[in-house]
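As the structure is a prediction and not an experimental result, all values here were calculated from the model. A, B, ... follow the sequence lines: proteins, then strands. Residue 1 opens every chain.
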Amino acid sequence: MSYSSTFSLVKFLIVPLKGSLLITIQKLKEPLNYLVFLSFPLPYLFLSFPVFIFNRAFFPFTLSLPFLSFYQGMLSTFLTKPKSNQRLCVWFKHQFTSLCNGIINESTMITRLNSRLHCFIKLTGSFITTSFLLPSSSRLCLQFTPHSTSLASLLHSTSFSNIDDRPLLSRYQKVTSLDHAFNLFDEMTQRRPLPSVVKFNQLLNAVSKMKHFSSCLYLFKQMCLIGVPVNEYSMNIAIKCCCQMSRTNDGFALLACCFRRAVVPYVFTFSTLLDGLIREDRIIEAERLFKKLIKHKLCEPNVVIYSTMIKGLCKVGNNDIAVGLLRLMDERGCKPNVVVYSTIIDSLCKDKLIDDAFKLFNEMVSHKGILPNVITYTSLIHGLCNLCRWDKVSKLLKEMEDLRISPSLRTFNILVDAFCKEGRVDEAEAVIDIIVERGEVPDIVTYSSLIDGYCLRGEMTKARTLFDSLTSKGLVPNVVTYNSLLNGYCKSLKIEEAMHLFHEITRKGLKPDIVTYSGMLQGLFRVGRCGAARKLFDEMQSQGLIPNECTYGIILDGLCNNHKVDEALSLFHMVGDSRLNSHIVVYNILIEGASKCRKLDIAKALFHDITLKGLQPHVRTFNIMISGLCREGQLKEAKGMFLKMGESGFPPNNVTYRVLLLGYLI
DNA sequence: CATGTGCACC
């Protein structure tokens with residue numbers, strides 16, 4: 001029987017068994033040897049599903065390993081958790097010894113355990129209810145099956161020695177390369193007795209800090225295989241690796257693995273998983289998990305859980321709810337700290353709500369007495385830079401100096417970038433000098449911004465020279481660096497150079513991203529090479545890149561400017577009601593394109609569509625319309641549009657007046 | 001031995 005059909009059999013069995021907590025089914029014939037089942041009595045709160053299916057086919061061992069490891073896990077829980085029931089522990093040990101010595105058989109063991117297990121399952125089982133686990137997790141459950149277990153390693157796990165660990169401790173800290181880590185791991189696994197799990201965890205952590213996530217998971221799996229009694233720390237590192245690889249589902253699968261090994265997940269585990277969901281923009285699930293944690297008291301939410309959830313809310317633009325949660329955590333006796341405040345402050349700054357950000361900042365400092373750190377200040381400075389409020393920026397920098405908070409390279413990079421975007425390259429260079437004076441080393445981000453700055457001013461020679469000098473500085477250009485230079489070439493219509501650079505990206509082992517393609521497309525359209533643009537667009541999609549709003553805008557704009565308004569319009573109609581068409585910029589482009597081609601009726605129809613779609617015309621939309629009407633000599637209508645602006649709450653700006661004036665003059 | 005906050009390209 002295949003795994004999937006086993007699974008459907010299990011599904012079939014769920015219904016009649018709903019309501020029981022743990023059921024071991026022994027009556028089933030081969031190939032289902034054991035079926036351990038968790039289902040929950042509250043159908044509307046929990047999904048019921050089998051947690052583990054132990055099919056002998058997956059366990060090429062004569063012993064009934066799944067149960068053995070299950071016992072082992074429980075035993076280690078009883079042994080290591082001081083609060084666990086001592087009598088239960090003694091009883092369990094007794095039963096287990098009887099089993100090992102052949103005094104009782106497994107069925108008897110299971111029967112005897114059954115009643116006792118309930119309390120244990122209650123203890124560890126409820127978290128499984130988060131309903132994320134199966135079926136995608138089943139793959140990993142099996143992959144990570146912790147066979148552990150010869151009896152020897154079980155005995156070993158209870159009699160650890162730390163004597164030999166000391167030399168290892170000093171060595172793990174020096175782990176600098178993956179090779180090094182693997183060698184050390186091999187050496188550790190040769191030792192008898194095995195080094196303690198702590199040493200293994202330290203190694204795991206070193207590997208995960210080097211961002212070698214899959215290697216880290218591999219080592220974790222090896223640990224399970226050779227019988228290292230992995231604990232909640234090991235699990236957490238492994239789960240974090242999954243999450244960092246955007247494989248949070250696999251992280252949840254490891255949670256199932258936790259249960260298997262009687263490792264009780266706790267607040268660290270949950271915050272890691274919550275963060276994983278948020279990383280993947282799975283905010284609804286993140287909220288669901290967060291609520292469950294609190295509702296079912298799966299863990300006592302600490303400041304990290306709250307701040308993670310707040311980050312998630314901010315990420316999807318729910319600043320208000322984020323602030324609400326900030327208030328709530330405070331009410332519930334969990335004191336917000338600088339991280340929580342900084343998270344929200346940063347989000348407000350990104351949304352250009354700088355006044356709200358400062359309000360919160362003042363609340364934090366004055367009312368709560370929480371000291372801001374370099375990150376808080378960097379967020380504020382970034383927000384101010386985006387609004388070109390330079391006076392306030394220097395005020396904050398002064399404030400930092402007074403508080404002896406030293407700006408970091410990131411802080412400087414923001415300043416460099418802001419100056420470059422303003423075309424103030426000299427000042428950006430001055431900031432770089434300061435970085436160097438302070439003994440820090442500008443990184444690829446710093447120089448990418450500077451290249452961008454040169455490009456913006458059309459100083460392509462300078463940009464190129466800087467780009468070429470990066471290697472001698474020991475820096476490797478990344479896609480962003482390439483994008484800056486490529487954009488520069490495109491903007492100055494040096495399309496051959498841009499194309500050359502574009503091909504170089506792949507040659508250097510990098511992958512052009514959506515920005516690269518968008519920039520390149522824009523360049524091709526600007527020099528009128530619509531056919532080449534079309535080809536590139538197809539290539540982009542074959543690379544699995546999905547056009548975003550910006551790409552879409554570039555294409556529409558490109559088509560319109562190349563007198564292909566009809567093509568632009570048919571693309572627009574093809575896209576239909578998608579999110580891409582729900583932005584006013586799209587209408588601005590098309591209306592402008594249509595009216596420039598003297599298709600004013602189409603422009604008028606599009607303008608009419610805007611309100612029908614529930615969108616709001618922008619000042620620019622009005623200006624484009626007025627300009628189009630004037631061009632056709634429909635001055636009366638243009639004037640009507642002008643009057644309409646005031647009514648709709650979009651007061652005319654200087655462009656409006658210029659356009660209207662021009663219309664009347666010509 | 002573990003978890004949460006800030007930067008770069010259209």
Taking atom types as modelled and ignoring hydrogens, do the side chains of A/S449 and A/D452 form a donor-acceptor contact shorter than 3.5 angstrom? no

Do A/D275 and A/T308 have a side chain donor and acceptor closer than 3.5 Å? no

Spell out yes or no: do the side chain of A/S342 and the base of B/dT5 have one donor N/O and one acceptor N/O closer than 3.5 Å? yes

Using a cut-off of 4.0 Å on non-hydrogen atoms, how would the nucleic acid contact of A/V303 be classed: base, sugar-phosphate, or nothing? base

Side chain of A/C550, heavy atoms from C-beta onward: which of B/dG4, B/dG6, B/dC10 has the nearest atom to it? B/dC10

So for A/N337 and B/dG4, does any side-chain atom that can act as donor or acceptor lie under 3.5 Å from a complementary atom in the base? yes

Base, sugar-phosphate, or nothing for A/K315, non-hydrogen atoms under 4.0 angstrom? nothing

A/K311 side chain, from C-beta outward: closest of B/dA8, B/dC7, B/dG4: B/dG4

A side-chain contact here means heavy atoms from C-beta on lying under 4.5 Å apart; do A/R327 and A/D330 qualify? no

Choose from B/dC10, B/dA8, B/dT5 the nucleotide whose nearest atom is closest to any side-chain atom of A/D417. B/dA8

Could you check whether any side-chain heavy atom of A/I514 comes within less than 4.5 Å of a side-chain heavy atom of A/M540, counting everything from C-beta outward? yes

Out of B/dA8, B/dT3, B/dT5, which has the shortest distance to the side chain of A/T343? B/dT5

State which of B/dC10, B/dA8, B/dC7 makes the closest approach to the side chain of A/V480. B/dA8

Just how far, in rounded Å, is C1' of B/dC1 from NZ of A/K240? 13 Å

Give the nucleotide from the list B/dC1, B/dC10, B/dT3 with an atom nearest to the side chain of A/V198. B/dC1

Mind checking if A/V479 touches a base, just sugar-phosphate, or nothing, with heavy atoms under 4.0 Å? nothing

Report yes or no: is there a donor-acceptor pair, N or O only, under 3.5 Å between the side chain of A/S307 and the base of B/dG4? yes

From the set B/dT5, B/dT3, B/dC7, return the single nucleotide nearest to any side-chain atom of A/K209. B/dT3

Do A/K352 and A/N386 have side-chain heavy atoms sitting under 4.5 Å apart? yes

